[in-house]
Trainee: 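Sharing a structure here in structure tokens format.
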There are 2 protein chains.
Amino acid sequence: MTRDNFSNDRRATITDVAREAGTGKTSISRYLNGETGVLSTELRERIEEAIAKLDYRPNQMARGLKRGRNRLVGMLVADLTNPYSVEVLQGVEAACHAYGYMPLICHAANEVDLERRYLQLLTTYRVEGVIVNALGVKEETLETLARGGVPVVLVDRAVEGLVADMVGLDNPEAVRMAIRHLVSQGFDELLFVVQPYAQVSSRRVREAAFRDTIGALGISGVTIVLDLDNDENLAEIDARISAAQSQNRRVALFAANAPVALRVALHMKDRHGVDWQRRVALMSIDDSEWAELDGMTTVRQPTYNIGERAVEFLHERIEGAGVAARECLLPGELIVRASTSASTNNGGT
Amino acid sequence: MTRDNFSNDRRATITDVAREAGTGKTSISRYLNGETGVLSTELRERIEEAIAKLDYRPNQMARGLKRGRNRLVGMLVADLTNPYSVEVLQGVEAACHAYGYMPLICHAANEVDLERRYLQLLTTYRVEGVIVNALGVKEETLETLARGGVPVVLVDRAVEGLVADMVGLDNPEAVRMAIRHLVSQGFDELLFVVQPYAQVSSRRVREAAFRDTIGALGISGVTIVLDLDNDENLAEIDARISAAQSQNRRVALFAANAPVALRVALHMKDRHGVDWQRRVALMSIDDSEWAELDGMTTVRQPTYNIGERAVEFLHERIEGAGVAARECLLPGELIVRASTSASTNNGGT
DNA sequence: CTGTTAGCGCATTCAG
DNA sequence: CTGAATGCGCTAACAG
């Protein structure tokens, strides 16, 4: 054995295979591209042997360079720390495999400039499309991409001024569902807690839906903005709760997403001890793993479907669909647990 | 404006830039590669203008094809659902950026064949190295990679028969630390709960360390294997607890990782109600977000550092370091919370 | 059915 | 200092 056809450090190329099989590169290429039936079975066998012997793997880079598509799609995730993102990701991955795409996952870790750098990088690798769940990309950055012929689909969050496909939760309905539940459980004072929402469409929509709904229902309530990096407003929550409870109102906290819910829960535990849930009712959008453990009512998002749907949209665009921008709003599911049960929890002191 | 130098659908190539700047491609290439000082300032300015005007981005694929390195490294993750993985990932990402690599994140979702397919895919994209945190890759698959000249570094889990760099938690010491803590709190009957560990080195090591340590300390204890997909052994845990407590022993559950801890906690809550923590003490390796909320003692892993270190190892290999396989075991940190406090918790009925 | 040829976008000798 | 020529691994006409 001459040592140099096996593990020769340098990977075998199509030329090596052709030589080994005693034929031309074209036939190899045809074989690789499944143009079966165009090759004599005899040749095909020789090719298969050669490929196996050399442990040949076609170079996707070269392939992409030539044919202009590399099957790469970018997935920009604002925060993998948020289980929501991971779940969406799973849907994205599954769908990508189904369509033959390779997802390039970029994690911006909530940093706006990382976000922009990644987008640059993605165009540099000539991805065929991008799925964006981002914190602060400006319409401008994305617009550049889109004009460059790279389809963009947005997840969870719209980007101001950008017309593009978008898929996410049906926020207004989710919020209504939650509020109706709270009302049916006898709560009559609602505190909606949300991160600064000016820049993030989904937060904005949820907040608006909250105000609309309590208005329509004639329920008393107020929005409290909570910055997770600077949680001074936790004090305001405490004050509101005390005030309401001293008037014998039954107050419930409604967190706009899981990170907020966690922050609030931690604070309540600090303040009221391990029995905090007997003193204050908390529910949230996003069904995290501890929601079950701590018996918190939630609205579960159809995360997996959101991911799948995003890829479908993207695929259609990549295939050249020229239709107008679409919006896909999927329904959430109310998961009722003890935290909002009328008996478990009472607002009295 | 002739419409065809701006957003011309097809991205600008180096040739376009050369033409626009009235020079040859070589100069552009030099500019891109930072061979500064070799270009007259005048030419450099023209190039900069041209690049800006055409919004030119060098094609990494072509670049990689030519020079043989594309700055891509693969990161194979067994389960992104496990916060451990996400945290490691953050370290990996940060370090990759520092070294100028682009991490290709592959999420195997605990499926062994997905894992193998991803590895194939990665070689197809000619990644320069791979960081592997995997469930079931066989030594053989990885060996093929390594022989192909692609460095591999393992995270958290060794792969039987494969010699490669590896970085993870110092499991023996972490387990000892935990047990010493439990003992100091007066627990005298320890139940170590772990997923099937035959195939996963970190679990195996933790289990062995558990038995070694209780042996050395003369503490009574036993290992219980819990399959998360088929949790019949939860009954055994219950039985052991009852038996021990009926003899007035103080028993503590020690979960080998966060997923196990969650499963056990959920079960205990089901069985003993919201006050379950007063009936049974639980601690675990991995400091998940709900650990704080529910006051569970843990050993926190230096996840971020693990990720960073892995990239460092990989980088050295890529740069050609020919040293023998190394192992980097980082220390965990004991986080004491109420779940194992001597006063909070008592083993009596 | 099969092989030859000509680039894809870029980096790199090697001459100006 | 600068540019023309060559080829990375592969696909796609275009001939046999």
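In what follows, every heavy atom counts, from backbone to side chain, and hydrogens, waters and symmetry copies are set aside. In what follows, chains are A, B, ... by sequence order, proteins preceding strands, each numbered from 1.
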Trainee: Hey, could you give me the CD/CD distance between B/Gln90 and B/Glu308, rounded to the nearest 0.5 Å?
Mentor: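 Going from the CD atom of B/Gln90 to the CD atom of B/Glu308 covers 11.0 Å.
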Trainee: Select from B/Gly22 and B/Ala62 the residue whose nearest nucleotide in DNA chain D is closer to the 5' end of that strand.
Mentor: B/Gly22
Trainee: Between the side-chain atoms of A/Arg30 and the base atoms of C/dG3, is any donor-acceptor pair under 3.5 Å?
Mentor: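 Side chain to base: pair present.
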Trainee: Over 60° means perpendicular and under 30° means parallel, so tell me whether A/Tyr118 and B/His97 are parallel, tilted or perpendicular.
Mentor: perpendicular
Trainee: With a 4.0 Å cut-off on heavy atoms, is B/Ser29 in touch with a base, just the backbone sugar-phosphate, or nothing at all?
Mentor: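 It contacts base atoms.
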Trainee: Write down the distance between CD (B/Glu45) and P (D/dT2), rounded to a whole number of angstrom.
Mentor: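 So the CD-P distance, B/Glu45 to D/dT2, works out to 12 Å.
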Trainee: Any N or O donor-acceptor pair linking the side chain of B/Thr26 to the base of C/dA11 at under 3.5 Å?
Mentor: no
Trainee: Just N and O in the side chain of A/Ser40: are any of them under 4.0 Å from OP1 or OP2 of C/dT2?
Mentor: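 Yes.
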Trainee: For B/Ser27 and for A/Lys25, locate the closest nucleotide of DNA chain D by heavy-atom distance; then report the residue assigned to the nucleotide nearer the 5' terminus.
Mentor: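 That would be B/Ser27.
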Trainee: Base, sugar-phosphate, or nothing for A/Leu43, non-hydrogen atoms under 4.0 angstrom?
Mentor: sugar-phosphate
Trainee: Which part of the nucleic acid, if any, lies within reach of B/Tyr31 when heavy atoms closer than 4.0 Å are counted: base, sugar-phosphate only, or nothing?
Mentor: nothing
Trainee: Taking only side-chain nitrogens and oxygens of B/Asn33, does any of them come within less than 4.0 Å of OP1 or OP2 of C/dA11?
Mentor: yes
Trainee: Scan B/Leu39 against the nucleic acid and name what it touches under 4.0 Å (heavy atoms): base, sugar-phosphate only, or nothing.
Mentor: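 Sugar-phosphate only.
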Trainee: Got a donor-acceptor pair under 3.5 Å from the side chain of A/Arg126 to the base of C/dG9?
Mentor: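 Side chain to base: no pair below 3.5 Å.
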Trainee: What I want to check is whether an N or O donor and acceptor connect the side chain of B/Lys66 with the base of D/dG7 at under 3.5 Å.
Mentor: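 Side chain to base: pair present.
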Trainee: Using a 6.0 Å distance limit plus a 45 degree cone around the ring axis, check whether A/Arg44 lies over the aromatic ring of A/Tyr31.
Mentor: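 Ring-cation test returns no.
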Trainee: Nearest whole angstrom, please: distance from the P of D/dC1 to the CD of B/Glu35.
Mentor: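 Computing the B/Glu35:CD to D/dC1:P distance gives 13 Å.
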Trainee: Checking side-chain polar atoms at under 3.5 Å, does A/Arg126 have a donor or acceptor matched by the opposite partner on B/Gln60?
Mentor: no
